[in-house]
Novice: 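Below is a structure I'd like to ask you about.
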Amino acid sequence: MTSPTVSSGAVGGTMAKLFAYAALVITTCIMVFPLVWMICVSLLTADRAQSATVSGDLVRLIPMEPQWGNFSEALSQMGSVRWQGFLDALANSVVVTTLVVVATVLSSSLVGFAMARIRFRGREGLFLLMLATMMLPGQVTMIPLFILFRSVGWVDTILPLVIPAFFGNAFFIFMYRQFVAQIPEALVEAAKIDGWSWLGVWWHVMLPLCRPVTAMCAVFTFIYVWNDFMGPLIYLHSDEQATLAVALNSFRNQYGGINKVNLLMAASLITMIPCIILFLAAQRQFIEGLGKGAVKG
Amino acid sequence: MASIQLNRVGKIYPGGVHAVQSVDLSIEHGEFVVLVGPSGCGKSTLLRMIAGLETVSSGTLSIDGVVMNDVPPQDRDIAMVFQNYALYPHMDVRTNMAFGLLRRRRFPSRLKACFSSAYAASRRIERSDIDARVMAAANTLGIESLLARKPAALSGGQRQRVAVGRAIVRQPKVFLFDEPLSNLDAKLRVEMRAELRMLHRRLGATMVYVTHDQEEAMSLGDRVVVLQDGWTQQIATPREIYETPANQFVAGFVGTPTMNLFQGTLACESGRMVFTSSHLRLEGSVPSWQPIVPSLPRSCCLGVRPEHVQLVASGGTPATIEAVEHYGDRMDVVIRSCGHRIVARTGPDATLRDGGAVAVQFDLARAHLFESTKPFARLIG
């Protein structure tokens with residue numbers, strides 16, 4: 001009876017696989033560690049959380065007696081009025097995020113489609129100019145924009161956060177343009193001959209075909225707007241207008257320190273849930289959109 | 001049905017490329033006209049100008065007497081079948097076919113008041129009418145069972161039928177076809193050709209068809225327009241194009257295998273016509289050539305179709321067989337004689353083999369004479 005032999009190629013393949021898995025596991029651990037830290041802290045008592053975060057002792061982070069009540073406690077203490085602060089902030093976040101996502105998708109896809117398919121004088125120049133705006137840091141335009149919005153009386157309303165989204169986003173316009181450029185022009189021509197206007201072609205033909213880019217645009221925008229702290233902090237001053245990201249700030253004391261880090265982590269964890277669910281739901285289309293949009297048309 | 005008039009129509013692309021040059025063409029009501037020519041001859045550009053997908057650089061383009069130069073495609077009442085079908089991939093076959101009518105659908109009564117001003121009342125179509133038209137077109141093309149499928153689930157032939165169906169449903173004035181069969185396999189292409197011909201008979205519509213395949217052009221068109229480098233070379237019935245080609249280009253482009261063309265000198269010696277081209281000497285009595293006798297001797301181009309070249313055992317110009325192509329019902333034989341490569345067509349029963357010796361005779365009475373210099377026009381007939 002002969003013993004089974006293993007070829008050197010097979011051994012090499014297995015080793016390479018092992019290395020790959022090891023690298024992936026280590027990277028995943030590094031990436032997931034902050035989330036795990038957050039979950040652990042959110043389940044500790046206030047004293048233990050304080051000492052664990054100050055000392056940096058990882059063993060003390062392990063919640064021996066998980067404080068599940070921290071989550072309801074955290075939400076109820078958000079803002080100045082019990083529960084009302086959280087509910088207001090949640091409603092504001094939902095309204096602002098929904099409007100911005102819808103506006104960004106509609107405006108960026110429309111402009112991207114026009115840049116890719118409608119021939120007009122100065123198209124390339126305009127596209128380059130639009131791309132150039134991507135190089136401008138947000139902080140540079142912060143003060144001029146604030147002065148502008150204050151002069152039209154929009155401060156302490158959601159308008160400064162929502163209205164700019166109706167004018168497109170340079171990065172997503174670029175993605176839509178590249179994606180639309182890959183779609184056969186004959187489809188646009190067929191729709192034109194079928195009697196549809198440019199708007200009709202965009203709505204009925206292009207937007208449905210751009211689903212991968214739309215998923216990517218929607219997920220990116222949702223995550224950005226949902227977590228945005230700076231925008232609402234600048235423009236929304238009253239408690240009733242605050243979004244979740246700003247409302248979390250109520251856990252800080254008057255000196256800038258954090259009194260109840262466990263409750264802050266619990267509240268933060270809950271605000272993260274919609275982003276995680278959305279990403280998981282749109283994951284396939286999201287990744288497809290990234291890949292397709294990246295290919296030059 | 002509609003008539004189309006092209007009056008000195010030209011197209012210059014940015015960069016100065018002249019794609020179409022001063023084309024004059026009048027297409028009658030219900031006529032099937034085929035634009036044919038090699039790649040880059042401007043046939044698709046011409047079709048796209050009729051469709052409104054390309055602007056007209058010069059001249060006037062009219063449909064039913066109305067100048068259409070600046071009318072957008074959606075207002076020309078035309079339908080087009082594209083080379084790659086251009087079916088909307090996210091819609092099922094039913095919606096694909098109905099898509100051109102959905103813009104004109106009648107709104108529900110509550111919405112009617114809001115939108116009624118946007119559409120002319122005469123152009124509105126009931127949803128039930130749209131469904132009926134789609135079903136009728138599907139029945140005509142035998143695709144009723146495919147209506148719920150998406151284009152990705154269809155074969156090439158089925159997609160082609162859906163694309164034609166989408167055009168039929170619109171009931172347009174003019175049908176435009178841009179090489180619609182070029183993506184199909186040879187057998188299906190022949191079948192679809194016959195179906196298109198039947199469809200034209202049934203609908204009686206004005207159709208303009210673009211192809212680079214001269215066989216397709218000859219079999220489909222009531223009239224054929226041969227184009228080269230943007231210029232019209234000949235506009236005639238398929239029979240005329242084949243039997244009396246207007247110039248060397250048409251003679252060489254139409255026919256499979258193509259016409260044998262010899263550059264040489266024609267003279268009249270003792271009442272007999274003598275054509276010499278290097279070592280090849282052909283002579284005979286050709287009464288139809290009498291009109292050009294006063295201008296002889298002159299250099300010209302002689303064209304002889306392969307079916308008018310006979311291979312004989314003896315009594316002709318000696319030749320060597322280079323290749324024999326069997327087609328079952330016939331044989332095309334490539335021979336070399338007096339330094340010329342010549343193609344002859346014979347019956348299927350001839351016993352010929354590569355490298356064999358043979359003699360060749362030309363039927364000069366059915367040969368064609370062309371000028372040997374630009375514009376290489378036909379000399380007689």
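The basis for the numbers below is simple: all heavy atoms, side chains too, and nothing from hydrogens, waters or symmetry mates. Note on naming: letters A, B, ... go to the chains in the order of the sequence lines (proteins, then strands), and numbering restarts at 1 for each one.
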Novice: Tell me, yes or no, whether the heavy-atom count around A:Phe167 atom CZ, taken from other residues, nucleotides or ligands under 6.0 Å, exceeds 12.
Specialist: no

Novice: So how far is it from B:Asn84 CG to A:Glu185 CD, rounded to the nearest 0.5 Å?
Specialist: 11.0 Å

Novice: Might you point out which heavy atoms bring A:Lys192 and B:Gln74 nearest each other, and give the distance in Å?
Specialist: O-CB, 3.2 Å

Novice: Around A:Phe19, counting heavy atoms of other residues, nucleotides and ligands shown, do more than 12 lie under 6.0 Å from its CZ?
Specialist: no

Novice: If only atom types and distance count, is the side chain of B:Tyr88 paired as donor or acceptor with the main-chain N or O of A:Ala191 below 3.5 Å?
Specialist: yes

Novice: For B:Arg166 versus A:Asp194, what's the shortest heavy-atom pair and its separation?
Specialist: CD-OD2, 3.8 Å

Novice: When you look at CH2 of A:Trp203, are more than 12 heavy atoms from neighbouring residues, nucleotides or ligands closer to it than 6.0 Å?
Specialist: no

Novice: Got a sec: does the CE of A:Met230 have more than 12 other heavy atoms crowding it under 6.0 Å?
Specialist: no

Novice: Looking at side-chain heavy atoms only, is the closest gap between A:Leu187 and B:Phe82 below 4.5 Å?
Specialist: no

Novice: Inspect the surroundings of CZ in A:Arg211 and state if more than 12 heavy atoms from other residues, nucleotides or ligands are less than 6.0 Å away.
Specialist: no

Novice: Measure the acute angle between the ring planes of B:Phe99 and A:His204, then classify it against the limits of 30° and 60° as parallel, tilted or perpendicular.
Specialist: perpendicular

Novice: Is it the case that over 12 heavy atoms from other parts of the model lie below 6.0 angstrom from the OH atom of A:Tyr224?
Specialist: no

Novice: With distance as the sole test, does B:His90 use its side chain to make a donor-acceptor pair with the main-chain N or O of A:Leu207 at under 3.5 Å?
Specialist: no

Novice: Taking side chain as everything from C-beta outward and backbone as N, CA, C, O, which of these in B:Leu87 sits under 4.5 Å from a heavy atom of chain A? Side chain, backbone, both or neither.
Specialist: backbone

Novice: Using only atom types and a distance under 3.5 Å, with no angle test, would you say the side chain of B:Arg76 pairs donor to acceptor with the backbone of A:Ile193?
Specialist: no

Novice: Would you say CE of A:Met135 has more than 12 non-hydrogen atoms from neighbouring residues, nucleotides or ligands within 6.0 angstrom?
Specialist: yes

